[in-house]
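Working notes for the structure below.
Residue numbering restarts at 1 for every chain, and letters A, B, ... go by the order of the sequence lines. Small disclaimer: the values here were computed from a predicted structure and weren't measured.
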Protein chains: 2
Amino acid sequence: MSQMQSVEKQLRQMILGLEIGPGEKLTERWIESRFGASRTPVRAALLRLETEGLVGRDGRGWTVSPINLAELEQIAVYREAVEVAALRLTCGLADRSAVDVIEAMLESCDNDTPREEWHRVGMDFHIELARLSGNEFLFRAVRDAMTRLSRARWLEVRDEAALSRAWAEHRAILAAARLGDADEAARLLSGHIVGSRDRLVTSLANDRRGLRARGFAVVAA
Amino acid sequence: MSQMQSVEKQLRQMILGLEIGPGEKLTERWIESRFGASRTPVRAALLRLETEGLVGRDGRGWTVSPINLAELEQIAVYREAVEVAALRLTCGLADRSAVDVIEAMLESCDNDTPREEWHRVGMDFHIELARLSGNEFLFRAVRDAMTRLSRARWLEVRDEAALSRAWAEHRAILAAARLGDADEAARLLSGHIVGSRDRLVTSLANDRRGLRARGFAVVAA
DNA sequence: GATACCAGTTTGGGATACCAAGATGGTGCA
DNA sequence: TGCACCATCTTGGTATCCCAAACTGGTATC
């Protein structure tokens, strides 16, 4: 694989995995030495990650984007628009058997499943559901939105109850989609996204002090 | 201004203005000499334009993205989702006086206005309307979608009747928005986008042969 | 003690040199 | 005449060098 993609992937993983904290400063030279690459691929990686919203310019210089509560709320509205549109398209398809594949994805998580896996499947549920619509742009929009949400969801203090509730909502959405009931599926998905946003934002707002203490920049709504 | 942004802007303008035809091959060296810049800014510009969908990789090497009818249809669906969502948000605002600014934008076009200006204002209407929602992500989504549509709209053989009809629809949408009638505004906007898509796609499909003769790559739906 | 200023260092942006892989075209053999 | 093969050129990917601007730390002055 070319170094370029490698640097991009590794750096993205470090940011999403919070190995580099939100708000931290980045220098091209540091990335260069850290990954043993030269500046050209480093710059390409930074430019790509900038469009994904994971890093940003800080005057001269680069910064890992802080967690921004106002942004999270806006993303929730955006997600609702594109995910509901995608789901409605899917409900209109003649062959909706692909929802079973997503159902199986959910089933793969049980009590022994590590936390990381729940995190990933929780995001992939939405991404794969959008992919079923067949609309490339709706799919990319959802994928990009979930990428932006990823770190915040990781920071969120999740209790077991919230997780099992989310899973139940996921299953209900799939059930409505399987029947082709677009209105019901849309209603459930909207509710899920709004509820998810509320839990996320309040959880982060409450923990804001603690997160800052761990060196994570969190911008208020 | 840094060279980097300059190369990016100029190249984007050449692509959007069809000075470089859809489907044409690009070499970094050519761009380099054409704009008197070095490869670093050229590279950065290409990476950015790639994320905008204006250029793409062609194995090794770069190509100006061809006009893709299937993509245009998908973008219309995407646009409908995000623009309607944005408009509904705007209708819910307490202060909707900003719609008058957009109305004034429309008024600035009359019989003496050059074709380019109509083209630009026709896109800006949708972009600025989305901006009113206050949601950064919906706004960007609309702006990016319009960028992707730009060249196709430019190629479209527009008759006067279609233009004045579009303007009338724009005004009707604004009127409903001013009243805060979200459902009516959404209905009008959906109809406008769908109609616009139909005219665009059929027009391009009919002209496909002629466009190819002019050296423009047009990919079928 | 505070502040303004200056030298040195750091850092991102730009330019250039080099390389390997792929395209090209010409030549020689069948 | 046609096709296969090889030398050559082109081109994107990478590494490295240079520069101007900004930041840093210390010092001298008020």
Separation of [N] [atom2] from [X] [atom1] (nearest whole Å):
X	N	atom1	atom2	result
Ile31(A)	dG13(C)	CD1	C1'	15 Å
Arg57(B)	dG22(C)	CZ	P	15 Å
Asp58(B)	dG12(D)	CG	P	11 Å
Glu32(B)	dA17(C)	CD	C1'	12 Å
Glu28(A)	dA15(D)	CD	P	14 Å
Phe35(A)	dA15(D)	CZ	P	14 Å
Leu47(A)	dG13(C)	CG	P	8 Å
Arg39(B)	dT10(D)	CZ	C1'	11 Å

Worksheet item: Taking the side chain of Pro41(B) as its heavy atoms from C-beta onward, which of dG14(C), dG13(D), dG13(C) lies nearest to it?
Response: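 Nucleotide nearest to Pro41(B)'s side chain: dG14(C).
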
Practice prompt. Name the closest nucleotide to the Ser38(B) side chain, picking from dG14(C), dG12(C), dG12(D).
Written response: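 Comparing dG14(C), dG12(C), dG12(D) against the side chain of Ser38(B), the answer is dG14(C).
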
Discussion item. If you count heavy atoms of other groups shown closer than 6.0 angstrom to CD of Glu107(B), is the number above 12?
Written reply: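 Yes, because the 6.0 Å sphere around CD of Glu107(B) holds more than 12 heavy atoms from other groups.
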
Discussion item. Tell me whether Glu116(A) at atom CD has more than 12 heavy atoms from other residues, nucleotides or ligands lying less than 6.0 Å away.
Written reply: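 It does not: Glu116(A) CD has 12 such atoms or fewer within range.
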
Practice prompt. Could you note down all residue pairs passing side chain to side chain donor-acceptor pair (under 3.5 Å) where residues 118-127 of chain B supplies at least one of them, sequence neighbours left out?
Written response: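 Of all non-adjacent pairs touching residues 118-127 of chain B, those that pass side chain to side chain donor-acceptor pair (under 3.5 Å) are Arg79(B)-His126(B), Glu83(B)-His126(B), Glu117(B)-Arg120(B), Arg120(B)-Asp124(B), His126(B)-His170(B), His126(B)-His192(B).
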
Worksheet entry | N or O in side chain of Arg29(B) less than 4.0 angstrom from dT16(C) OP1/OP2 |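 For dT16(C), OP1/OP2 do not have a side-chain N/O of Arg29(B) under 4.0 Å.
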
Select base, sugar-phosphate, or nothing to describe what [X] touches, counting heavy atoms under 4.0 Å on all strands.
X	result
Gly59(B)	nothing
Leu26(B)	sugar-phosphate
Leu46(A)	nothing

Practice prompt. Keeping to residues at least two apart or across chains, list the salt bridge (charged side-chain N to carboxylate O under 4.0 Å, His left out) pairs with something in residues 201-220 of chain A.
Written response: none

Worksheet item: Under 3.5 Å, is there an N or O donor on one side and an acceptor on the other linking the side chain of Arg43(A) and the base of dG14(C)?
Response: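 Indeed there is one.
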
Worksheet item: Considering Watson-Crick and G-U wobble pairs with both distances under 3.5 Å, what does dG14(C) pair with?
Response: dC17(D)

Discussion item. Which residue is it: Glu28(A), Arg43(A), Lys25(A)? I am looking for the one with a side chain to side chain contact (heavy atoms under 4.5 Å, CB included) to Trp62(A).
Written reply: Glu28(A)

